[in-house]
Amino acid sequence: MRWRRPVALPAALAALAAAAAASVAVRWPLAEVLEHFDVGFSCGFPDEVRATSNHRNSRCWRSSHKGVLVEGRNFQARHEPKARLPELGALGPVTPKKVGACVLAVLLLGGIWSRIMRWFRTPKRPYTDSSVGASYDSWTREGVLEHYWGEHIHMGSYTPMSIQKGYSKRDPFFLALFRATLRPMKDFKLAKIDFTNEMIDWCAPKTPKKILDVGCGIGGSSRILATRFPDAEVTGITLSPEQQARATSLAKDAGIDNARFQVMNALAMEFADNSFDMVWACESGEHMPDKKKYVEEMSRVLAPGGKMVVATWCERDPTPPFSKSERDMLDFLYAEWSHPFFISLNKYKEYMLGTGLLDQVETNDWTEQTLPSWRHSIWVGAWRPGFWLKIVMRRPLALLGFLREVYTLEQYHLSMVSGLMVYGMMKATKKAS
């Protein structure tokens, strides 16, 4: 059985400890009684048997009246107590004071555990107008994401799933780590590159000349697009000045001169209508406080006949209504990584059709092929801890932040497994003017 609500663990811990304390309290007096207790009895064995007690030459047999007689005298069995465990003897007799101390310790441990879980489950980075850019500035300066994830701050594709022997989505957490450590699994960074190329192939653009990457991060997808379409001019936009600078530097280092990067709000783009032959958006919609405006702006700058392709995390359709536990989980997933809210894949499709500008609107669910990414993000840190340990040595409190990220990644994994969240894909073509 998997614990879906970690806060239930303190109750289980308290119950287990209380049961152990009660068992000790009952068994100590019982041991005192048995130690001095002589048992006198008569027995009715099913067959004739000979039994030897502490009284010599005593024997018993089956009599004609179904009783058991003992030759010469009554058969006496004396309980010979085993040596008392030293640790129990050292503690002395049970007293109300000791029982009270035990109960108090159990309650204290339960309270501490409950407090820890409450801290984990309380979001620390709720969305504000400046939180997205500030969060990505911080992550980019710190370097942990780039070190472990490479140039692509998005999910990977683990196709074909049949060969991912190091992964099973139903595994409990530690079994999943054990399996991934011992059995083959696609390289974490390669999975992200494969995802980008599969997204391009699914969109099937022809020969775009101007490409817009909405929410470009440090430019990983932009550089692949620039390489796959060398005659195109690729523009990436982000809210983070740190990401813009890093993306520019990486493009220069790679010798890619047809990609440039700007700091710009995707909900108020400065580009003219019909500016791009292809609009690409990979995991940027999650941060948009106005999803409808997000779709409308991308549709506006897309040229007639141009292709739009979007990848984003979505929550399930709101029918049936979300339960309280689902609502609580979504609220945590929103606010821990500066997301205002998520919407369903069908709602995105509704917004795309609602623009009146797009044709051939198609959606797809890529949850299964991207699902391993969540836990794989944790495993790469567990397998190669040197980088984050150096940070912890300089700033010990950073360990709490890393533990929060592990907890959050696991909650996303569980939400995708349960169907509360899905990985949504959308594509469309802009109608001719």
Of E198, Q164, Q369, E368, the one forming a side-chain hydrogen bond (donor to acceptor under 3.5 Å, both in side chains) with T159 is E198

Point to revise | Greater than 12 external heavy atoms within 6.0 Å of F178's CZ | key: no

Applied to residues 391-419, the salt bridge (Lys or Arg N to Asp or Glu O under 4.0 Å) test, sequence neighbours excluded, yields R125-E405, E142-R395, E336-R404, R375-E410

For the residue pair F195 and Y423, does the interplanar ring angle fall in the parallel (under 30°), tilted (30 to 60°) or perpendicular (over 60°) class?
-> perpendicular

Taking the six-membered ring of F188 as reference, does the cationic atom of K192 (NZ for Lys, CZ for Arg) lie under 6.0 Å from its centre and within 45° of its axis? yes

Q) Going by distance alone, is a donor N or O of one side chain under 3.5 Å from an acceptor N or O of the other, for K430 and N274? A) yes

- Would F276 and F271 count as a close aromatic pair, with their ring centres under 6.0 Å? yes

inquiry  = Show, in sequence, the C-alpha distance, side-chain angles and deciding distance for Y348 and Y294, and conclude whether the side-chain contact (heavy atoms from CB on, under 4.5 Å) test is met.
reply    = CA-CA 10 Å; Y348 268 114; Y294 170 62; 4.3 Å; yes

The reported gap from CE in M416 to CE in M155 (rounded to nearest 0.5 angstrom) is 7.5 Å

Residue pairs passing the salt bridge (Lys or Arg N to Asp or Glu O under 4.0 Å) test with at least one member in residues 243-263, sequence neighbours excluded, are E146-R246, E233-R260

State, without any angle test, whether T319 and D317 hold a side-chain donor-acceptor pair at a distance under 3.5 Å.
no

Self-check item: Distance-only polar pair, side chains of S221 and D213, donor-acceptor under 3.5 Å
Solution: no

Contacts satisfying side-chain hydrogen bond (donor to acceptor under 3.5 Å, both in side chains) that involve residues 353-363 (not counting sequence neighbours) are none

Applied to residues 268-286, the salt bridge (Lys or Arg N to Asp or Glu O under 4.0 Å) test, sequence neighbours excluded, yields D273-R300

Rounded to the nearest 0.5 Å, the CD1 atom of I163 sits from the CZ atom of R183 at a distance of 12.5 Å

Please assess N265 against L239 for the test side-chain contact (heavy atoms from CB on, under 4.5 Å), listing each intermediate value before the final yes or no.
-> CA-CA 6 Å; N265 186 348; L239 285 174; 4.3 Å; yes

If the plane angle is over 60° it's perpendicular, under 30° parallel, otherwise tilted; pick one for W139 and Y136. perpendicular

Heavy-atom nearest pair, I218 first then G150, reads CD1-O, 3.9 Å

Any chance NZ of K189 has more than 12 other-residue heavy atoms, nucleotides or ligands included, within less than 6.0 Å? yes

Can you confirm whether the side chains of T181 and W379 place a donor and an acceptor under 3.5 Å from each other? no

| Within a reach of under 6.0 Å around CZ of R115, are more than 12 heavy atoms found that belong to other residues, nucleotides or ligands? | no

Exercise. Quick one: do the T238 and S240 side chains pair a donor with an acceptor below 3.5 Å?
Worked result: no

With sequence neighbours left out, the residues meeting salt bridge (Lys or Arg N to Asp or Glu O under 4.0 Å) with K349 are none

> Is a donor on one side and an acceptor on the other found under 3.5 Å between the side chain of S373 and the backbone of G156?
Replying inline: yes

Those residues at least two apart in sequence (or on a different chain) that pass ring pair (Phe, Tyr, Trp, His ring centres under 6.0 Å) with Y412 are W313, W337, W374

Nearest heavy-atom approach of W119 to L400 is CH2-O, 3.6 Å

Tightest non-hydrogen contact, residues N258 and A226, listed as ND2-O, 3.1 Å

Between the OG atom in S344 and the CD atom in E350, the distance rounded to the nearest 0.5 Å is 8.0 Å

| message | Does D129 have more than 12 heavy atoms from other residues, nucleotides or ligands lying within 6.0 Å of its CG? | response | no

message: A quick test of your reading: do over 12 heavy atoms of other residues, nucleotides or ligands sit less than 6.0 Å from NZ of K431?
response: yes

